[in-house]
Amino acid sequence: MKIITHKDQPRETWRAGVETRMHIAAANGAAELCIFEQWVEPGTGAPTHSHSVEEVLTVIAGEAEMWIDDQRTVLAAGHSLIVPALRRHGFRNIGSGMLHIQAVLASPIFEASFDGAAEPVKRWTP
């Protein structure tokens, strides 16, 4: 049995205004999932990107504009968005306070292809 204490996992700055804390991934023994939290300052977020697997984004606090392809919506605390595999998506904090979200990917390694990037980004490999 492996217990992960979330507060013991370090926060990483992924881009200006976005801090991420990995909870579950290949790096700490997961075989099928990647789960992480993000704290996102107003006006920032995740630029348009895609994953080869399904993702669920859950707003814990704050308000976010999220999109999948050309469809846009606003989510608040207690809302989740299911993002199908290979769909271009992203989000940004449209509130005046910190946006706190949780992401779950159906892969133990975070891998994303960002629009305009030459190579995919990979994180939390074993």
Side-chain angles (χ1 to χ4, degrees):
M1 180 182 317
K2 182 161 187 159
I3 307 296
I4 307 297
T5 303
H6 295 186
K7 68 181 174 103
D8 291 345
Q9 304 301 314
R11 284 193 189 191
E12 304 173 36
T13 299
W14 276 21
R15 65 188 67 83
V18 179
E19 285 193 346
T20 303
R21 176 184 285 152
M22 180 272 291
H23 293 299
I24 308 296
N28 62 8
E32 302 293 329
L33 292 174
C34 177
I35 302 172
F36 59 95
E37 287 180 271
Q38 290 189 312
W39 292 266
V40 182
E41 293 179 7
T44 62
T48 302
H49 63 285
S50 63
H51 309 284
S52 63
V53 298
E54 184 175 72
E55 179 178 27
V56 176
L57 297 168
T58 299
V59 177
I60 298 169
E63 190 173 43
E65 177 184 34
M66 294 188 178
W67 57 89
I68 299 176
D69 298 325
D70 294 330
Q71 294 184 313
R72 293 180 177 266
T73 191
V74 174
L75 280 76
H79 294 149
S80 294
L81 178 67
I82 299 170
V83 181
L86 303 174
R87 298 287 294 276
R88 297 174 64 246
H89 65 283
F91 66 87
R92 73 181 179 90
N93 181 350
I94 59 170
S96 58
M98 187 68 71
L99 171 65
H100 184 194
I101 65 169
Q102 180 182 55
V104 178
L105 277 85
S107 169
I109 297 170
F110 176 90
E111 184 173 351
S113 296
F114 288 89
D115 282 6
E119 297 289 324
V121 172
K122 286 188 179 185
R123 287 193 164 90
W124 307 319
T125 59

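The stretch residues 16-25 participates, sequence neighbours left out, in these side-chain hydrogen bond (donor to acceptor under 3.5 Å, both in side chains) pairs: His6-His23, Arg11-Glu19, Thr20-Gln38, His23-Glu37.
A distance-only check finds no donor-acceptor pair linking the side chain of His89 to the backbone of Asp69 [under 3.5 Å]. With Arg88 contributing its side chain and Asp70 its backbone, the two residues share no donor-acceptor pair below 3.5 Å. The main-chain N or O of Gly90 is never found under 3.5 Å from a side-chain atom of His49 such that the two would form a donor-acceptor pair.
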task = List the steps, then state whether side chain to side chain contact (heavy atoms under 4.5 Å, CB included) holds for Asn28 with Lys2.
result = CA-CA 9 Å; Asn28 62 8; Lys2 182 161 187 159; 4.2 Å; yes
query = Going through the distances and angles, do Glu54 and Ile82 end up as a side chain to side chain contact (heavy atoms under 4.5 Å, CB included)?
reply = CA-CA 7 Å; Glu54 184 175 72; Ile82 299 170; 3.7 Å; yes
Derivation and outcome, side chain to side chain contact (heavy atoms under 4.5 Å, CB included), residues Cys34 and Ser107 = CA-CA 6 Å; Cys34 177; Ser107 169; 5.7 Å; no
key: Intermediate values then yes/no, side chain to side chain contact (heavy atoms under 4.5 Å, CB included), Phe91 and Ile101   = CA-CA 10 Å; Phe91 66 87; Ile101 65 169; 3.2 Å; yes
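In Ile60, the CD1 atom is crowded: over 12 heavy atoms of neighbouring residues, nucleotides or ligands sit closer than 6.0 Å. Counting heavy atoms of neighbouring residues, nucleotides and ligands inside a 6.0 Å radius, atom CD of Glu12 exceeds 12 of them.
Clustering of Ile, Leu, Val, Met, Phe, Trp and Tyr by side-chain heavy atoms under 4.5 Å joins Val74 with Ile94.
Considering all non-hydrogen atoms of both residues, Ile68 and Pro84 come closest at CD1-CD, 4.2 Å. The two residues Ala26 and Ile109 come nearest to each other via the heavy atoms CB-CG1, 3.9 Å. Taking every heavy atom of both residues into account, Pro42 and Ser96 meet most closely at CG-O, 3.4 Å. Residue Ala103 comes nearest to Leu57 through the heavy atom pair CB-CD2, 3.7 Å, listed as atom of the first residue, atom of the second, then distance. Here the closest non-hydrogen pair linking Ala64 and Leu99 is CB-CD2, 3.7 Å. Considering every non-hydrogen atom in both Thr73 and Leu75, the closest pair reads CG2-CD1, 3.3 Å.
With a 4.5 Å cut-off on side-chain heavy atoms, Met66 and Arg72 do not count as touching. Considering only heavy atoms from C-beta on, Leu105 stays 4.5 Å or farther from Glu111 through its side chain.
How far OG1 of Thr58 is from CD1 of Ile35: 10.0 Å, rounded to the nearest 0.5 Å. Distance CD/Glu63 to NE2/His79: 10.0 Å, rounded to 0.5 Å.
When hydrophobic clusters are built by joining Ile, Leu, Val, Met, Phe, Trp and Tyr residues whose side-chain heavy atoms come closer than 4.5 Å, directly or via intermediates, Val53 is grouped together with Phe110. Follow the hydrophobic side-chain contacts under 4.5 Å out from Leu81 and you reach Val59 in the same cluster.
Residues satisfying the ring pair (Phe, Tyr, Trp, His ring centres under 6.0 Å) test with Trp124, not counting sequence neighbours, are Trp14, Phe36.
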